[in-house]
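The chains referred to below are lettered A, B, ... by the order of the sequence lines, with proteins before strands, and numbering in each begins at 1.
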Amino acid sequence: MVETKEEKKTVTILFAGDSGDGMQLTGSQFTNTNALFGNDVSTFPDFPAEIRAPQGTIAGVSGFQLNFGSVDVFTPGDNADVLVAMNAAALKASLLKLKIGGTIIVNLSGFDKKNLRLAGFLNDENPLTDSSLGKYRVLEMDVTKLTRACLADTGMTVKHIDRSKNMFVLGVLYWMYNRKLDTTLDFFKVKFKGKQDLIDANTKVLTAGYYFGDTSEIFTSRYEVKPAPLSKGVYRNIMGNQATAIGLIAAVRKANLDLFYGSYPITPASDILHELAKHKNFGVKTYQAEDEIAAICAAIGASFGGHLGVTTSSGPGIALKGEALGYAAILELPLVVINVQRGGPSTGLPTKTEQSDLMQALYGRNGEAPIPVVAPCTPSDCFDVIYEAARIAVEHMTPVFFLSDGYIANGSEPWSFPLAKDLVPIKVKKLSAGGDDEKYRPYVRNEKLVRDWAIPGVKGLEHRVGGLEKENETGNVSYDPANHELMVKLRAKKVANISDTIPDQNIEIGEDSGKVLVLGWGSTFGACKTAVTELVKDGVEVSQAHVRYLNPLPKNLGDLISRFDKVLVPEINDGQFVKLIRDKYLVDAIPFNKIMGIPFSSQEIKEKVLEILG
Amino acid sequence: MVETKEEKKTVTILFAGDSGDGMQLTGSQFTNTNALFGNDVSTFPDFPAEIRAPQGTIAGVSGFQLNFGSVDVFTPGDNADVLVAMNAAALKASLLKLKIGGTIIVNLSGFDKKNLRLAGFLNDENPLTDSSLGKYRVLEMDVTKLTRACLADTGMTVKHIDRSKNMFVLGVLYWMYNRKLDTTLDFFKVKFKGKQDLIDANTKVLTAGYYFGDTSEIFTSRYEVKPAPLSKGVYRNIMGNQATAIGLIAAVRKANLDLFYGSYPITPASDILHELAKHKNFGVKTYQAEDEIAAICAAIGASFGGHLGVTTSSGPGIALKGEALGYAAILELPLVVINVQRGGPSTGLPTKTEQSDLMQALYGRNGEAPIPVVAPCTPSDCFDVIYEAARIAVEHMTPVFFLSDGYIANGSEPWSFPLAKDLVPIKVKKLSAGGDDEKYRPYVRNEKLVRDWAIPGVKGLEHRVGGLEKENETGNVSYDPANHELMVKLRAKKVANISDTIPDQNIEIGEDSGKVLVLGWGSTFGACKTAVTELVKDGVEVSQAHVRYLNPLPKNLGDLISRFDKVLVPEINDGQFVKLIRDKYLVDAIPFNKIMGIPFSSQEIKEKVLEILG
Amino acid sequence: MSIKMENAEIKLSGKDFASDQEVKWCPGCGDYSILKQVQSTLADIGVKREDTVFVSGIGCSSRFPYYMNTYGVHSLHGRATALASGLKTARPDLNTWIVTGDGDALSIGGNHLIHLLRRNLNVNILLFNNEIYGLTKGQYSPASPKGTITKSSPMGSLDHSFNPLALCLGADSTFIARSMDRDPKHLRAILAEANNHIGTSMVEIYQNCNVFNDGAFFTFTEKATKGNTTLQLEHGQPLIFGDNRDLGIKLDGFKPVVVALDESTSTDDLWVHDESDQVKAGILTRFFDIPSAGMTLPRPFGVFYKESRSVYEEDVAIQINQAIEIKGEGDLNSLLAGANTWEVI
Amino acid sequence: MSIKMENAEIKLSGKDFASDQEVKWCPGCGDYSILKQVQSTLADIGVKREDTVFVSGIGCSSRFPYYMNTYGVHSLHGRATALASGLKTARPDLNTWIVTGDGDALSIGGNHLIHLLRRNLNVNILLFNNEIYGLTKGQYSPASPKGTITKSSPMGSLDHSFNPLALCLGADSTFIARSMDRDPKHLRAILAEANNHIGTSMVEIYQNCNVFNDGAFFTFTEKATKGNTTLQLEHGQPLIFGDNRDLGIKLDGFKPVVVALDESTSTDDLWVHDESDQVKAGILTRFFDIPSAGMTLPRPFGVFYKESRSVYEEDVAIQINQAIEIKGEGDLNSLLAGANTWEVI
Ligand SMILES: Cc1ncc(C[n+]2csc(CCOP(=O)(O)OP(=O)(O)O)c2C)c(N)n1
Ligand SMILES: Cc1ncc(C[n+]2csc(CCOP(=O)(O)OP(=O)(O)O)c2C)c(N)n1
Ligand code: SF4
Ligand code: SF4
Ligand SMILES: [Mg+2]
Ligand SMILES: [Mg+2]
């Protein structure tokens with residue numbers, strides 16, 4: 001067999017199959033192996049809202065896209081080079097995402113009559129046999145049959161055997177991209193611990209897939225994707241929600257606090273709860289409340305008790321927390337509020353991504369109750385940004401919003417994780433004893449306008465807090481008109497002051513002045529960076545700035561923006577951050593919106609930039 | 001006794017006393033009498049948050065301010081001409097609101113040692129005996145003693161007798177302003193129906209007060225405030241919450257619908273519930289829910305059932321409704337949501353007024369869920385605007401926000417009420433039978449993008465609605481990316497289209513171009529109008545426009561604004577509407593804010609206008 | 001003033017109540033059976049499709065309305081009971097069913113549930129209890145026994161679970177019953193009884209979530225064990241159970257005791273089920289907790305308790321009529337004018 | 001692992017627990033007495049001020065924390081129970097009291113209440129029941145008897161009211177008791193018992209709102225009537241009441257019956273109160289509803305039920321310790337590194 005080895009800079013693979021086909025697992029194994037090999041990697045899982053939507057149908061298709069390369073990759077790839085289609089529905093649902101000329105690996109038994117019908121192909125229509133796939137290279141193999149054959153003598157039931165067929169495909173891909181099986185073999189040992197028969201069976205199938213690649217004639221070439229020139233360091237692969245969870249633990253450790261995590265399950269935020277629940281040996285208290293209101297109120301109670309209270313949800317659950325958010329703001333207690341955004345409005349698109357809760361974070365409560373808002377821009381950035389959220393919360397005695405989204409939360413990338421000792425210190429100012437005052441005055445402020453954290457158990461600091469307007473300094477209930485205005489302004493100023501402690505806004509890519517500034521926030525980072533990098537290479541006068549601090553905004557942002565002729569604000573919503581920019585800086589910032597529950601492709605950004613350049 | 005009669009254009013009286021002193025009743029009686037006499041009137045009650053805060057203290061002071069005149073009056077008056085102070089605390093709390101040279105009517109027994117101490121006067125300090133009231137005219141009378149004397153032979157207990165002392169003061173004021181006692185005497189007959197002794201006692205005290213004015217020597221002059229040149233017509237006096245309640249009933253009557261009112265009590269919104277509960281003979285269903293979430297959900301259920309669902313609250317309760325608001329928006333069912341705003345954030349200042357929930361109304365929910373927002377600008381305007389809210393809700397199949405506030409809700413003014421037949425018709429398009437389609441498609445839209453209202457009980461229209469994204473037209477659950485974007489845009493466009501059905505923004509006062517435009521919304525109307533009217537008279541190039549439709553904004557608003565050099569946006573908050581204007585029209589609109597739980601005075605607006613004119 | 005629902009002219013079948021939407025539960029999920037029994041019960045009852053509304057919250061179970069060819073509302077998590085209360089108050093004529101899960105009804109929706117029960121609107125609540133959050137992929141629910149290992153409780157949950165029917169009884173429910181997905185006949189009978197009850201009918205249905213909590217109720221639902229672990233309640237009948245119907249329940253004071261039916265114990269000594277006895281119903285709901293002398297008490301199924309109490313939406317209608325009788329039908333012009341007017345000429 | 005609270009070194013008096021804030025309830029409000037009894041009970045218990053926290057919701061009653069010279073949280077309407085759950089889980093060492101009203105606890109806060117009860121955190125709940133919304137100036141509450149005329153129900157309320165203690169029992173409360181504002185001694189005794197109970201202690205306190213619902217409980221609280229209308233529960237004692245202690249309660253099957261104590265009936269025939277009997281406690285909570293042969297049942301006061309069950313916050317602490325035992329104290333560097341790392345050089 002002739003084996004050609006083609007070198008590739010980046011490759012995007014889309015695994016698509018039925019919800020029960022284990023595509024998420026396949027994808028993450030392939031990711032881990034490539035990451036460990038040294039590629040830069042970015043992933044994007046995309047699954048249906050139903051637990052297991054009807055087998056064989058379009059609604060039941062579960063996808064996992066990954067982009068890996070020997071160069072930096074910032075997105076899971078606009079379009080796929082390779083599409084793995086485990087059945088007809090998967091092919092139908094995913095074909096649009098494949099590049100013209102791309103490769104399709106199909107599982108033949110997923111294209112039988114029943115599957116074709118379930119996928120909505122009309123009578124006798126079959127994409128494998130008609131010419132509809134002419135623009136692609138199709139590699140057919142009967143994965144189901146091959147897997148069954150491979151495990152025929154194990155005595156396992158067909159149902160059980162079929163569960164391993166994803167491992168066959170994985171083996172094939174390892175062969176194609178010239179990767180070792182070790183990571184996945186190790187994974188079997190942990191996952192099936194104590195079940196040697198399962199370890200053996202999966203090992204057998206994975207290896208069979210690998211050798212199938214090697215021996216079958218359908219492959220004409222293997223590919224080589226060399227390690228990426230990642231900066232020196234030790235790396236791991238990390239998902240956004242995971243990074244968020246361990247960021248919280250890191251923050252409380254560095255602040256010498258205990259973590260209280262009050263949450264009510266909701267997609268796509270629940271995984272943070274699941275992750276934290278695994279780490280009780282860090283003293284983490286996870287509290288699954290009866291609802292979102294109870295969750296935030298419990299977290300506020302814990303913060304009053306001296307813990308770092310954290311609460312998490314997604315859009316609809318965050319909407320329920322509005323009243324308590326205003327309460328936390330007027331109490332001036334630390335609180336971290338995580339919103340892993342999903343498609344809205346209302347229940348919306350629970351498993352799809354969107355950035356449409358920014359206005360809710362900024363304004364979604366009664367009265368004047370400004371709250372700092374920060375947003376991570378990649379999966380690993382969740383670590384840094386949640387750490388910042390926790391820092392701001394305790395150092396400035398305020399609730400802080402952390403706006404992640406489904407795309408970041410479930411995506412993954414290599415992460416050059418820090419050492420504990422290198423994390424910036426978090427300064428907590430808990431009072432340990434009563435002062436000289438006869439009566440403790442809980443709302444006395446320091447030069448940053450921050451009050452102290454006085455925690456029950458300390459003699460001499462007994463005090464009462466509440467949601468009624470407070471007299472300055474004493475915190476006693478006050479209906480005095482002038483005092484109210486003073487307190488509203490003090491609280492607002494305290495939050496505004498945070499801009500003194502955050503870094504100036506930088507230009508990510510490009511010159512610091514020019515024709516177009518692509519100004520993004522949150523998960524559009526990768527698409528913007530890829531697009532602007534390529535445009536700059538092509539000589540276009542465009543730059544990228546990406547905002548992580550949405551309230552207060554970096555002090556120099558207005559100045560930075562003013563140095564560009566045009567400002568383009570891409571968002572996965574109907575235009576929210578752009579409102580803020582227009583209101584604040586009175587520049588005619590141009591909204592660029594996609595509201596499809598899926599991220600921008602870098603191509604879309606590129607085209608838009610070129611369009612506005614005229 | 002020499003009696004001089006002085007003619008006055010407008011008079012502002014501030015009744016101030018202990019919570020138990022009946023100041024609200026006194027004020028509203030005086031208001032009604034003046035209104036019936038033909039004056040233009042505007043009132044502002046201001047009471048403590050506690051039911052009955054400690055007697056004699058500043059916290060316990062309850063005030064009622066009214067402005068009446070022979071000319072149009074638009075506010076309850078910046079400063080009072082006359083202050084009625086029933087005790088020392090009332091004097092202390094209210095003195096700042098009295099004009100220099102104004103009159104103070106004091107109840108002497110409210111200034112005994114105990115009262116002075118409770119009011120916080122130091123040892124032996126007594127404003128009546130030292131020179132601290134030198135700038136005012138003080139009229140002392142021992143109201144308590146006089147009232148007791150008057151009812152000495154009735155056999156009533158002192159406690160009961162003392163309850164009538166407010167009527168003595170009212171009698172004195174009727175004499176001062178040359179008013180008849182009839183209205184109040186009629187009121188006694190209704191209020192104390194069946195209790196002749198109480199009717200007699202109150203009549204006696206009221207008359208005694210009147211004659212006291214006539215015979216005692218302490219009054220040197222009476223005043224004459226002639227009827228105002230109100231437009232022809234039949235008038236009544238009306239409070240904002242009352243106007244809101246009857247506006248709802250009028251709307252459902254004209255729309256031929258039933259009213260379902262789901263609410264949970266909260267100050268200052270509860271009175272709408274109380275008012276509606278009185279009108280069950282209009283078929284009104286008032287539902288006191290277990291909380292605000294249940295209230296709005298029940299209202300949505302009723303709307304699904306073909307009623308007009310309405311729900312009401314104030315800031316904190318509205319915060320709880322965010323999730324359900326997004327739900328109503330995606331269902332596209334009629335719903336009226338009333339927010340009688342109060343001081344925030346959080347529990348804030350429950351009995352004080354504020355305009356700080358505008359951003360919450362516009363953005364306080366997850367995802368892209370635009371909802372129309374309207375705001376009344378005076379107590380009687382609540383009728384017109386709630387009627388509009390109901391019209392928009394049913395004609396455009398959408399939830400609609402109605403943003404009133406404590407100032408408007410409790411304030412009152414004369415109202416030239418309409419006849420039922422003259423109210424604009426409200427066109428409801430309920431389907432009465434299934435169509436030709438085999439399957440009813442609930443999200444098919446008309447040219448305005450409005451869907452039909454298909455109500456259970458009609459054969460052939462069976463359909464399902466929910467909070468998941470819907471397929472266009474069929475309403476079936478759909479996760480299709482392009483469909484999601486389409487639906488988000490359709491819903492937004494439907495709301496934006498409402499601007500076709502609302503009047504253009506008018507200039508209230510002044511030329512339609514000039515140096516300064518005072519651009520207000522909601523309850524700042526009166527202060528702005530008074531201020532601008534006076535400035536225009538003085539030759540200042542200033543105009544007033546007052547926005548009732550906050551979303552969508554009137555189509556011509558941008559154009560109108562652009563004709564002024566400067567735009568001043570006064571708000572009882574920290575700057576919210578101004579954000580909208582800046583974002584939308586990119587004009588450097590100037591915020592002017594007061595966050596004291598009390599309205600602007602017209603003087604404040606005038607000064608600010610002059611200040612920005614330089 | 002009892003509200004009569006018109007019956008369908010043409011006899012419909014269960015299938016007529018199925019919508020055109022593909023059913024999207026996991027293969028093997030207990031929800032399928034419940035759906036089928038509900039559809040055929042509606043056909044049996046003979047209610048019209050257009051007069052029937054299904055209201056649900058959020059959860060796997062709450063997808064139910066999409067599959068019914070009636071009017072339907074898929075509402076918000078926990079709010080089905082709240083929304084249905086408004087709907088039924090507005091429209092007493094509609095045959096209203098609430099479908100909810102153990103998370104939806106007992107966790108986030110607990111408050112609306114107990115308030116609906118006390119108000120006693122004439123609706124039927126079907127609580128699909130699978131002792132897990134299905135839709136969010138397997139966290140423990142307030143119905144999960146303490147110690148349950150799930151994604152959010154890898155070392156076991158620490159929350160003492162609700163006893164759902166005891167909670168409902170405490171909230172003055174006028175009808176409580178239990179059935180299961182795997183006994184179609186029983187389920188249909190209970191659904192019909194629930195529908196007949198005038199007032200809020202609370203039916204707890206044990207439902208197997210074969211993906212996240214498979215077999216939670218197998219001892220009660222599977223042939224091998226079911227005979228000795230379940231007790232079928234029938235009004236007026238003694239509490240007898242067992243594979244050979246040779247076991248019974250006796251009351252020793254207030255304590256239920258399992259007895260073998262032999263020479264020494266006859267059925268006359270047994271506790272006779274009385275649907276109208278609230279105290280005894282309370283004891284039945286506690287058959288979880290009470291350790292019986294030497295023997296585990298069986299799990300009761302059937303109608304535990306039934307009480308006749310006035311229905312909220314009827315009281316609302318009556319009060320409106322009274323208001324009209326007293327004051328006359330509201331006149332808009334008088335309302336607009338109020339009590340005191342004056343004229344400016 | 002039971003949590004011990006340290007006692008104050010210096011004996012404090014009730015006054016030491018009063019804050020410097022002016023008390024702002026209406027003159028004559030029942031809240032004053034409750035405040036005083038709580039203050040002196042805390043002094044008696046000997047707990048330290050700095051270890052004590054009062055958490056409340058919103059309502060007249062919920063102003064309570066401002067008047068206590070301890071730590072205090074005036075939270076949101078209905079959320080005291082939720083907030084206190086977080087606080088107590090974080091800080092099991094704090095002596096935690098929740099003050100709430102019938103609206104706050106049973107209307108908007110109903111869900112958090114029942115969930116707190118099932119979780120059984122070691123806190124004390126004082127539910128000031130005045131059967132009205134005081135702070136919002138007089139609307140009916142879920143505790144107001146049907147037919148109550150208020151501002152929001154001018155023709156009488158239509159909602160069947162909750163039986164608060166029956167609801168709590170249904171939610172698996174481990175301690176329920178009732179007392180009243182006007183019997184200081186009784187109230188202090190019950191407060192002390194509540195504090196001693198390890199687990200959530202639910203104390204319903206009848207409180208007179210003399211402005212909006214004056215006299216709602218006068219039959220039970222005023223000298224003239226109280227003897228024949230109230231029943232003082234004491235563990236192990238027969239149920240005797242009456243001005244002359246000449247009336248008793250007997251059980252006729254499950255039905256409580258009032259009997260005169262004369263020659264024919266001795267105290268031996270009477271129902272003996274057993275705090276540990278949940279079924280009987282259930283019957284006692286229903287003394288509202290059950291019409292006794294010819295005679296109205298008296299309203300019981302005292303501890304209805306008490307049960308020992310593990311406490312949530314302790315279980316949390318235990319599980320954390322177990323995790324540490326099994327995996328070792330968490331190491332941040334290992335957590336950061338995860339299971340698979342690679343090096344780029
Ligand atoms: C406000 C809100 N919070 C949380 C969720 C996420 N959520 C959806 S269903 C569900 C629980 C489902 O459990 P259950 O009611 O038992 O239904 P099942 O899926 O088991 O049938 C949760 C927590 C949501 N959709 N909305
Ligand atoms: C979210 C929210 N809804 C409503 C209110 C208004 N509110 C304040 S107290 C109260 C009820 C008070 O009744 P209860 O709990 O019985 O206390 P009481 O005043 O009778 O002591 C209500 C409805 C509020 N403050 N916040
Ligand atoms: S997750 Fe469980 S409850 Fe949900 S559909 Fe699947 S089997 Fe049924
Ligand atoms: S309104 Fe009632 S409960 Fe509130 S303080 Fe006054 S008397 Fe007490
Ligand atoms: Mg469930
Ligand atoms: Mg109350």
Sort by residue number and list every member of residues 357-364 of chain B having a non-hydrogen atom under 4.5 Å from chain A.
B:Asp357, B:Met359, B:Gln360, B:Tyr363, B:Gly364
Who are the side chain to side chain donor-acceptor pair (under 3.5 Å) partners of A:Asn483, not counting sequence neighbours?
A:Ser478
What residue pairs, at least two apart or across chains, pass salt bridge (charged side-chain N to carboxylate O under 4.0 Å, His left out) with a residue in residues 311-332 of chain B?
B:Glu332-B:Arg445, B:Glu332-B:Lys494
Using the salt bridge (charged side-chain N to carboxylate O under 4.0 Å, His left out) rule, collect all pairs that involve residues 484-493 of chain A, keeping only residues at least two apart or in two chains.
A:Glu469-A:Arg491, A:Lys489-B:Asp574
How close do [X] and [Y] get, counting heavy atoms only, and between which atoms?
{"X": "B:Leu586", "Y": "A:Val587", "answer": "CD2-O, 3.6 Å"}
{"X": "A:Leu468", "Y": "B:Pro350", "answer": "CD2-CD, 3.7 Å"}
{"X": "A:Arg582", "Y": "B:Asp583", "answer": "NE-O, 2.9 Å"}
{"X": "B:Pro481", "Y": "A:Ile598", "answer": "CB-CD1, 4.3 Å"}
{"X": "B:Gly322", "Y": "A:Ala319", "answer": "C-CB, 4.1 Å"}

With a 4.5 angstrom heavy-atom cut-off, is it the side chain or the backbone of [X] that approaches chain B, or both, or neither?
{"X": "A:Glu354", "answer": "side chain"}
{"X": "A:Ala492", "answer": "side chain"}
{"X": "A:Gln576", "answer": "side chain"}
{"X": "A:Ile58", "answer": "neither"}
{"X": "A:Asp588", "answer": "both"}

Is it the backbone or the side chain of B:Gln341 that comes under 4.5 Å from a heavy atom of chain A, or both, or neither?
neither
